[in-house]
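Written below as structure tokens is the structure these notes are about.
Letters A, B, ... are given to chains in the order of the sequence lines, protein chains preceding strands, and every chain is numbered from 1.
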Protein chains: 4
Amino acid sequence: MAKSVNKVTLVGNVGKDPEIKFAANGNAIATFSLATTDRTKDQTGNWTDRTEWHNLVAFQRTAEIIRDYVKKGSKLYIEGRIQTRSWDDKNSGEKKYRTEIIVGDLVLLSGRGEGEGGGGSSYGSRSGSTSYDQRSPASADDLVQSTEITDDDIPF
Amino acid sequence: MAKSVNKVTLVGNVGKDPEIKFAANGNAIATFSLATTDRTKDQTGNWTDRTEWHNLVAFQRTAEIIRDYVKKGSKLYIEGRIQTRSWDDKNSGEKKYRTEIIVGDLVLLSGRGEGEGGGGSSYGSRSGSTSYDQRSPASADDLVQSTEITDDDIPF
Amino acid sequence: MAKSVNKVTLVGNVGKDPEIKFAANGNAIATFSLATTDRTKDQTGNWTDRTEWHNLVAFQRTAEIIRDYVKKGSKLYIEGRIQTRSWDDKNSGEKKYRTEIIVGDLVLLSGRGEGEGGGGSSYGSRSGSTSYDQRSPASADDLVQSTEITDDDIPF
Amino acid sequence: MAKSVNKVTLVGNVGKDPEIKFAANGNAIATFSLATTDRTKDQTGNWTDRTEWHNLVAFQRTAEIIRDYVKKGSKLYIEGRIQTRSWDDKNSGEKKYRTEIIVGDLVLLSGRGEGEGGGGSSYGSRSGSTSYDQRSPASADDLVQSTEITDDDIPF
DNA sequence: TTTT
DNA sequence: TTTT
């Protein structure tokens, strides 16, 4: 029985076409960003919209669904959990943190034809796992490691 | 009417006594960490517990409730929203990120007498907003101060 | 500080145009049904869709938003709380129960032009609070009326 | 991919020791009630507590956990979904409805020794599926039986 | 029928 | 840094 709860619910729009990578064993990993807009008061007391960008990660079957149906502009309902990874930056030696939402469940809220999309051609480039596969095969089936996110991968 | 949803639900234990600071106008700001434990598979396929630490921030009346009732070890139910702040590190010049949960609602799940607590003496130092104001603006780990939160920034 | 949590999250489609009524002081009350579809196993072990209909109630400003933007077919994200009302049926004398979701927040997920809608003419009859007041108090299916909601009962 | 969301989050206290029944194939079914308290304004404009009782149902492994750890007074965090069953009352012939929360996940918030509990002896009578099978099919308040839940109906 |  |  669980002892704690770590749950996120998001409804927002996808910022760019998702990126799909593959672990050594072929399992899919999808990463993408999702924007939500909170209405907050600014410094002059007026209500302004503040856009929050969330870093989402999905694995396996969920990643495949995302590859097939989610694109730039898609409106999604997401359930997931918060996870913060940390690493020592290779240049500065400083501790760095990246907080991500691990997607557990999703509902596509745009019709399958809606959203701006990156066009059919982007699908081709997305499926280009070639450069990824050239990375060290020493990576077992460790999905976290297999993505070897470095500082340079951080998209903002 | 809202256009998006950014919602977090947590149940976990507080890592240390909350820190209370005060904005220029006297509004309270409480910061503390909360641990949740996810059960995940490790590299050998066995189930292991992975503790996730969340950075929580509360304002005004919620901060005062936290000051009065929450301490190290308290078990809490939290509703909030995810917010990521960024700034340029003064030493390395690098972009840094910190993701926090802005507390919207909370339920104290430990009895009021439960938890280890930091002792009554810690309350004295906590309420000392003076020492806070005296801290160096170069203080590296004082993230709240480093983003210069004023009354106008408080979103409630 | 709250001691308990009673929270519902729904994403689904509205079954009919919402009905709008008015309390004695003019406050709006919107009632409508929302369908969600759970995928469950049927008696032969196959996955089937089971549609669940939820009875939603909204008050005041939320009710007015619903009157203005929600119609048959609208896709909505809803946050609310569960409330079960009971009364003695006037005919059979039996205790009856009706569980409703009191809407706290909503997000319109269809574009404002989407959904089938009931046509502009339905708006005219909806806003007629007069006809509502003239209805017989014995009206069997008018559950809102049957519990005599007055301004004082409205919890927002 | 899911098309809709039907999700409930509750934190509250269990009203009585859970009742455990068994389907024909031995699968456990646990039913119990959970109280949440909403703070609402009464007719004189004062804040009053309104207790809401929720009917919870759990199946299989979750039901067994409930049998082993949950008792009268236990404080629980619950995730589940709303389900309304209907049937024709055998006496009055009227349509009746019962809304239940199907438990998906739970967290025990009281320590294992806390709560009043029904005493160890109650465990013996609880596990007696025999008496359940012997009950009259006309039994009015046996809602689980009245809808003839069989193994095939269990949605997990 | 719970709990504080 | 929590908790069981």
Side-chain angles (χ1 to χ4, degrees), chain A residues 1-6 84 86 95 97, chain B residues 10-19 30-39 47-56 65-66 68-78 101 106-118 122 141, chain C residues 1-6 84 86 95 97, chain D residues 10-19 30-39 47-56 65-66 68-78 100-101 106-118 122 141 143:
Chain A
M1 180 168 41
K3 301 182 307 181
S4 62
V5 176
N6 172 0
T84 298
S86 68
K95 197 92 176 174
Y97 299 89
Chain B
L10 302 172
V11 172
N13 295 284
V14 173
K16 294 181 182 174
D17 283 357
E19 294 181 31
T31 57
F32 60 105
S33 57
L34 188 90
T36 59
T37 305
D38 297 319
R39 191 143 291 185
W47 288 101
T48 9
D49 283 350
R50 184 187 191 284
T51 293
E52 192 68 37
W53 285 99
H54 308 271
N55 305 309
L56 303 222
I65 289 170
I66 287 164
D68 294 341
Y69 297 112
V70 173
K71 53 189 179 182
K72 179 182 174 183
S74 295
K75 186 181 279 283
L76 296 183
Y77 169 94
I78 295 279
I101 310 301
L106 87 163
V107 178
L108 183 60
L109 300 173
S110 345
R112 294 193 179 181
E114 294 181 64
E116 292 200 15
S122 73
D141 65 341
Chain C
M1 180 166 44
K3 303 181 307 181
S4 63
V5 175
N6 172 1
T84 299
S86 68
K95 198 91 176 174
Y97 299 89
Chain D
L10 302 173
V11 172
N13 294 286
V14 173
K16 294 182 182 174
D17 282 358
E19 293 182 31
T31 58
F32 60 106
S33 58
L34 189 89
T36 60
T37 305
D38 298 318
R39 190 145 290 185
W47 287 101
T48 8
D49 283 350
R50 182 187 193 285
T51 293
E52 193 68 37
W53 286 99
H54 307 271
N55 305 308
L56 304 221
I65 290 170
I66 287 165
D68 293 342
Y69 297 112
V70 173
K71 53 189 178 182
K72 179 183 175 184
S74 294
K75 187 181 278 284
L76 296 182
Y77 168 94
I78 295 279
E100 295 166 320
I101 311 301
L106 87 163
V107 178
L108 183 60
L109 300 173
S110 343
R112 294 195 180 179
E114 293 181 66
E116 292 200 15
S122 74
D141 68 339
L143 293 167

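- The distance between atom CE of C:M1 and atom C1' of E:dT4, rounded to the nearest whole Å, is 11 Å.
- Proximity of a side-chain donor or acceptor of C:S4 to a complementary backbone N or O of D:T37 within less than 3.5 Å is detected.
- Across all strands shown, A:S4 has no heavy atoms under 4.0 Å from either base or sugar-phosphate atoms.
- Closest non-hydrogen pair, D:L106 versus A:M1, comes out as O-CG, 3.4 Å.
- Once the 5.5 Å centre distance and the 30° plane angle are applied, the aromatic ring of B:W53 is found stacked with the base of F:dT1.
- Across the protein-nucleic acid pair, B:I78 atom CD1 and F:dT3 atom P stand 16 Å apart, rounded to whole Å.
- Between the side chain of B:E19 and the main chain of B:A30, no donor-acceptor pair closer than 3.5 Å is present.
- D:S33 and D:H54 share no donor-acceptor pair across their side chains, judged by distance under 3.5 Å alone.
- In this structure, CZ of B:F32 is placed 13 Å from C1' of F:dT1, rounded to the nearest angstrom.
- Comparing atom distances between the D:K16 side chain and each of F:dT1, E:dT1, F:dT3 picks out E:dT1 as nearest.
- Taking atom CG on B:L10 and atom P on F:dT1, their separation rounds to 21 Å, with Å as the unit.
- Atom OH in B:Y77 sits about 21 Å away from atom P in E:dT3, given to the nearest Å.
- Below the 3.5 angstrom threshold, one finds a donor paired with an acceptor across the side chain of D:T51 and the base of E:dT2.
- Residue-to-nucleotide contacts include a donor-acceptor pair under 3.5 Å from the side chain of B:S33 to the base of F:dT1.
- Residue D:L109 contributes atom CG, which lies 12 Å from atom C1' of F:dT3 at whole-angstrom precision.
- No salt bridge links B:D38 with B:R50; every basic N to acidic carboxylate O contact stays at or beyond 4.0 Å.
- The nearest whole Å value for the distance from the CG atom in D:L76 to the P atom in E:dT2 is 15 Å.
- Nucleotide E:dT2 holds its P atom 13 Å from the NZ atom of C:K3, rounded to whole Å.
- Checked by distance alone, D:K72 brings no side-chain donor or acceptor within 3.5 Å of a matching partner on the base of E:dT2.
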